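Inspection log for the structure reproduced underneath, given as structure tokens.
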Amino acid sequence: MSQRSAHLPVVVSDEVATALAEKRPVVALETTIISHGLPFPTNREVADLCEAAVRASDSVPATIGIIDGVIHVGLNSSQIDLMADPLSSVTKASTRDLGAVVARGLHGATTVAGTIAIARHVGIDVMATGGLGGVHRGASESFDESHDLVALSRTSIVVVASGCKSILDVGATLERLDTLGVSIVGYHTDNFPGFYRHSTEFPIDWRSDTAADIARIFAGHRVISGTAVVVANPVPRDRQLDEALHDAALAEGLRRVAAGKVTGKAVTPVLLSAFAEFTSGVSVTVNTDLVVNNSTVAGQIAAELTSR
Ligand code: PSU
Ligand code: MN
């Protein structure tokens, strides 16, 4: 248990607190993917699979979420049950929401932005997620860009992700990451991954084939820049979503968003659930595979960082 500010209650589990104190590797995991990104009961299984993957890489998982207005770093099993239960009322919490969720005593599932803010606050250097938020299609009209982008620009942390979600405008998202000075390193790839798809048409400048190399890059990067290093780890080709099915599901999702006049933080969950329905759950399997792989790689990078 650690309390850094009376105004923002943060409870770090004993296991995570001990690991951090002993400078052993820790990986932060988010909860929006559990509460708002994947359907029940798969979401609950994925939470366990990600933690197990981090452990298999000799690191300690720290799943982050807010319960009754208290931020927890290292949720226990029954707390993760609550996050996964569609009947519990869990607010999607980006950085801007943290103060309000805490002040109101609510439950909150943290996004990439919310998770890295908390992770940095307690001294965690690595996070794993599925796909980053980014610039939405049609953003020149809607102005819909994920706060994840800005959060990555001001948080010194490694985030392992399978690119940004393919529901987004990938090219515009990459341009924005460039503007914001966020570093991108392809893991075993020269192209930016396409979330449900192994790769996009967009090349990236830096490629790395080992966790030790990524740890070296971040160790230097963090000295001179306060931005994140995004490790872009693609889903294996033989596990990716079929391209035609992907494009048809995306068209259906975008149709639903337009027809329902969906805006703000509901857009991404509506698109992901449209994919799940339209693909009869295949997209959920792909999302599971990629986030578990990302957890494995994050654990390896965290282990390399602490052994430096
Ligand atoms: N990766 C997934 N599924 C998700 C997310 C990431 O595989 O649901 C979540 C993350 O929490 C990310 C959020 O920060 O989606 C982006 O939401 P928005 O576009 O509203 O910023
Ligand atoms: Mn948005």
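All of these numbers come straight from a predicted model, not from anything done at the bench. Hydrogens, waters and symmetry mates are skipped; everything else that's a heavy atom, side chains included, is used.
In terms of heavy atoms, Ala109 sits closest to Ser35 at CB-OG, 3.4 Å. Between Val223 and Ala219, the shortest heavy-atom distance links the atoms CG2-O, 3.3 Å. Taking every heavy atom of both residues into account, Gly108 and Met83 meet most closely at O-CE, 3.4 Å. Scanning both residues, Val150 and Ser153, for their nearest heavy atoms gives O-OG, 2.5 Å. Shortest non-hydrogen contact noted between Ile157 and Val126 is CG1-N, 3.9 Å. For Asn287 against Tyr196, the heavy-atom pair with the smallest separation is CB-CE2, 4.3 Å.
A heavy-atom distance below 4.5 Å is not found between the side chains of Thr18 and Val60. Considering only heavy atoms from C-beta on, Trp206 stays 4.5 Å or farther from Ile217 through its side chain. Using a 4.5 Å cut-off on side-chain heavy atoms (C-beta onward), Asp125 and Val158 make no contact. Contact of the Phe278 side chain with the Leu245 side chain is registered, since non-hydrogen atoms from C-beta on lie closer than 4.5 Å. Using a 4.5 Å heavy-atom cutoff, the side chains of Ile124 and Val27 are not in contact. Contact of the Val170 side chain with the Cys164 side chain is registered, since non-hydrogen atoms from C-beta on lie closer than 4.5 Å.
Within the 3.5 Å criterion, the main-chain N or O of Pro61 finds no donor-acceptor partner in the side chain of Glu51. With Glu22 contributing its side chain and Arg24 its backbone, the two residues share no donor-acceptor pair below 3.5 Å. In this structure a side-chain-to-backbone donor-acceptor pair under 3.5 Å is present from Arg197 to Leu241. With hydrogens and angles ignored, the 3.5 Å screen pairs a side-chain donor or acceptor of His188 with a backbone N or O of Asp209. Not a single donor-acceptor pair under 3.5 Å links the side chain of Ser225 to the backbone N or O of Arg222. For the pair Ser59 (side chain) and Arg55 (backbone), a donor-acceptor distance under 3.5 Å is absent. No donor-acceptor distance shorter than 3.5 angstrom exists from the side chain of Asp169 to the backbone of Arg137, with no hydrogens or angles considered. Between the side chain of Asp148 and the main chain of Ala113, a donor-acceptor pair closer than 3.5 Å is present. No donor-acceptor pair closer than 3.5 Å links the side chain of Thr31 to the backbone N or O of Ile34. With Thr32 contributing its side chain and Thr111 its backbone, the two residues share a donor-acceptor pair below 3.5 Å.
Rounded to the nearest 0.5 Å, atoms OG1 (Thr155) and NE2 (His121) are 13.0 Å apart. In this structure, OH in Tyr187 is found 12.5 Å from OG1 in Thr189, a value given to the nearest 0.5 Å. Rounding to the nearest 0.5 angstrom, the gap separating the OG1 atom in Thr288 from the CD atom in Glu45 is 8.5 Å. Distance CZ/Phe218 to OG/Ser156: 4.0 Å, rounded to 0.5 Å. With rounding to the nearest 0.5 Å, the separation of CZ in Phe275 from NZ in Lys165 is 11.5 Å. Atoms CG and OG1, on Leu38 and Thr285 in that order, are 10.0 Å from each other to the nearest 0.5 Å.
Val231 and Val291 fall into different hydrophobic clusters, where Ile, Leu, Val, Met, Phe, Trp and Tyr side chains are chained together by heavy-atom contacts under 4.5 Å. Under the 4.5 Å side-chain heavy-atom criterion for ILVMFWY residues, a single connected hydrophobic cluster contains both Val262 and Leu272. Note on Val54: it clusters hydrophobically with Val297, by side-chain heavy-atom contacts below 4.5 Å among ILVMFWY residues. Val112 and Ile80 fall into different hydrophobic clusters, defined by Ile, Leu, Val, Met, Phe, Trp and Tyr side-chain heavy atoms under 4.5 Å apart, directly or through other members. Note on Ile66 and Val10: same hydrophobic cluster, where clusters join Ile, Leu, Val, Met, Phe, Trp and Tyr whose side-chain heavy atoms are under 4.5 Å apart, directly or indirectly.
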Inset, instruction - Go through Thr263 and Lys261 one step at a time and tell me if the side chain to side chain contact (heavy atoms under 4.5 Å, CB included) criterion holds. - result: CA-CA 6 Å; Thr263 58; Lys261 297 193 168 30; 5.8 Å; no

Inset, instruction - Quick one: do His221 and Thr227 satisfy side-chain hydrogen bond (donor to acceptor under 3.5 Å, both in side chains)? Show the steps, please. - result: CA-CA 8 Å; His221 178 84; Thr227 71; 3.0 Å; yes

Inset, instruction - Please assess His246 against Ser166 for the test side-chain hydrogen bond (donor to acceptor under 3.5 Å, both in side chains), listing each intermediate value before the final yes or no. - result: CA-CA 9 Å; His246 175 278; Ser166 50; 2.8 Å; yes

Inset, instruction - Carefully, step by step, assess Leu152 and Leu180 under the rule side chain to side chain contact (heavy atoms under 4.5 Å, CB included). - result: CA-CA 8 Å; Leu152 290 165; Leu180 292 167; over 6 Å; no

Inset, instruction - Kindly determine whether Ser77 and Arg44 satisfy side chain to side chain contact (heavy atoms under 4.5 Å, CB included), including the steps that lead there. - result: CA-CA 10 Å; Ser77 181; Arg44 183 65 190 84; 3.2 Å; yes

Please tabulate, for side-chain N and O atoms in residues 99-107, each donor-acceptor pair with protein atoms closer than 3.5 Å (sequence neighbours left out).
{"residue": "His107", "atom": "ND1", "partner": "Asp68", "partner atom": "N", "Å": "3.1"}

Ignoring hydrogens and angles, write down the donor-acceptor pairs under 3.5 Å from the side chains of residues 90-97, residues two or more places apart or on other chains.
{"residue": "Lys92", "atom": "NZ", "partner": "Lys265", "partner atom": "O", "Å": "2.9"}
{"residue": "Thr95", "atom": "OG1", "partner": "His147", "partner atom": "NE2", "Å": "3.2"}
{"residue": "Asp97", "atom": "OD2", "partner": "Ser94", "partner atom": "N", "Å": "2.8"}

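Among Ile116, Thr110, Leu29, the one residue that satisfies the side chain to side chain contact (heavy atoms under 4.5 Å, CB included) test with Ile64 is Thr110. With respect to Arg207, the side chain to side chain donor-acceptor pair (under 3.5 Å) criterion is satisfied by exactly one of Asp190, Asp213, Asn191: Asp190. Here the options are Leu149, Leu168, Leu174, the test is side chain to side chain contact (heavy atoms under 4.5 Å, CB included), and the partner is Val135; only Leu149 passes.
Within the structure, side-chain hydrogen bond (donor to acceptor under 3.5 Å, both in side chains) contacts touching residues 289-308 (residues at least two apart or in different chains) are Ser162-Asn294, Asn233-Asn294, Arg239-Asp289.
Inspection of the Ser78 and Asn76 side chains reveals an N or O donor paired with an N or O acceptor under 3.5 Å.
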